[in-house]
Q: 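Before I ask anything, here is the structure I am working with.
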Amino acid sequence: MTKVSPISVAFGRAVKQARLKKGWTQDDLAYESGLDRSYISQIEGGLRNPSLPVVWDLAVKLDTSFLTLMAAAVQLMPEASSESNKPSE
């Protein structure tokens, strides 16, 4: 079984929140972004790690910025493991 990364799950939740804020279904986001609906579902479920260009395009289609989308994901990270998930300097 593949281990799911907490940041992948948090990013997926951030995408879902932004999508729902627009009143879109996964099909709507898939159509607007040119991605497959199953891929959108896997992103939202934390099962896929989209490339930076895909993250950028999703942010644009969701009428938000790349940084805002990523900040939302960080806010959704589990509290207990936030220290262990910070990048090392």
Side-chain angles (χ1 to χ4, degrees):
M1 180 175 249
T2 305
K3 183 179 177 187
V4 179
S5 167
I7 189 61
S8 296
V9 173
F11 177 74
R13 288 179 182 157
V15 169
K16 183 176 182 177
Q17 285 180 354
R19 175 179 62 77
L20 293 174
K21 185 176 178 181
K22 284 188 66 78
W24 282 1
T25 65
Q26 287 182 345
D27 286 322
D28 295 330
L29 180 55
Y31 176 79
E32 292 296 327
S33 64
L35 300 171
D36 192 83
R37 193 218 40 91
S38 64
Y39 186 62
I40 299 295
S41 176
Q42 291 171 344
I43 291 171
E44 288 186 2
L47 302 174
R48 295 294 289 243
N49 295 308
S51 66
L52 289 174
V54 170
V55 173
W56 184 274
D57 289 344
L58 287 172
V60 168
K61 297 302 179 187
L62 291 167
D63 294 326
T64 190
S65 72
F66 175 89
L67 292 176
T68 300
L69 191 58
M70 296 309 295
V74 170
Q75 292 297 315
L76 292 167
M77 289 288 292
E79 291 288 326
S81 61
S82 63
E83 284 298 316
S84 64
N85 285 319
K86 288 184 180 176
S88 58
E89 294 182 21

Q: Could you go through the side chain to side chain contact (heavy atoms under 4.5 Å, CB included) check for V15 and V55 one step at a time?
A: CA-CA 9 Å; V15 169; V55 173; over 6 Å; no
Q: Does a side-chain heavy-atom distance below 4.5 Å link F11 with S5?
A: no
Q: Looking at every non-hydrogen atom in both residues, tell me the closest pair between V9 and G45 and how far apart they are.
A: CG2-O, 4.5 Å
Q: Write down the atom of A73, the atom of A14, and the distance for their closest heavy-atom approach.
A: N-CB, 3.7 Å
Q: Decide yes or no for D57 and L35: does some side-chain heavy atom of the first lie under 4.5 Å from some side-chain heavy atom of the second?
A: no
Q: Would a 4.5 Å heavy-atom cut-off, applied to side chains only, mark L76 and Q17 as touching?
A: yes
Q: Crowded around K22 NZ? As in, over 12 foreign heavy atoms under 6.0 Å?
A: yes
Q: Is V60 reachable from M70 through a run of hydrophobic residues whose side-chain heavy atoms are each under 4.5 Å from the next?
A: yes
Q: Please name the pair of heavy atoms, one in I40 and one in S33, separated by the smallest distance, quoted to 0.1 Å.
A: CD1-OG, 4.1 Å
Q: State the CZ-CD distance between R13 and Q75, to the nearest 0.5 angstrom.
A: 13.5 Å
Q: Quick check on F66: does its CZ atom have over 12 non-hydrogen neighbours (other residues, nucleotides or ligands) under 6.0 Å away?
A: yes
Q: Could you state the interatomic distance from CH2 (W56) to CG (L52), rounded to the nearest 0.5 Å?
A: 10.0 Å
Q: Within the 4.5 Å heavy-atom criterion, are K21 and L62 side-chain neighbours or not?
A: no
Q: At what distance, to the nearest 0.5 angstrom, does CG of D63 lie from OG1 of T68?
A: 11.5 Å
Q: Of the non-hydrogen atoms in E32 and K61, which two are nearest, and what is the gap between them?
A: O-CE, 3.1 Å
Q: Of the non-hydrogen atoms in R19 and W24, which two are nearest, and what is the gap between them?
A: NH1-O, 2.8 Å
Q: Which heavy atom in A10 sits nearest to a heavy atom in M77, and how many Å separate them?
A: CB-SD, 3.8 Å
Q: Between D28 (side chain only) and T25 (backbone N and O only), is there a donor and an acceptor less than 3.5 Å apart?
A: yes
Q: Check step by step if side chain to side chain contact (heavy atoms under 4.5 Å, CB included) holds for K16 and L20.
A: CA-CA 6 Å; K16 183 176 182 177; L20 293 174; 3.9 Å; yes
Q: Considering only heavy atoms from C-beta outward, does the side chain of I7 approach that of N49 to under 4.5 Å?
A: no
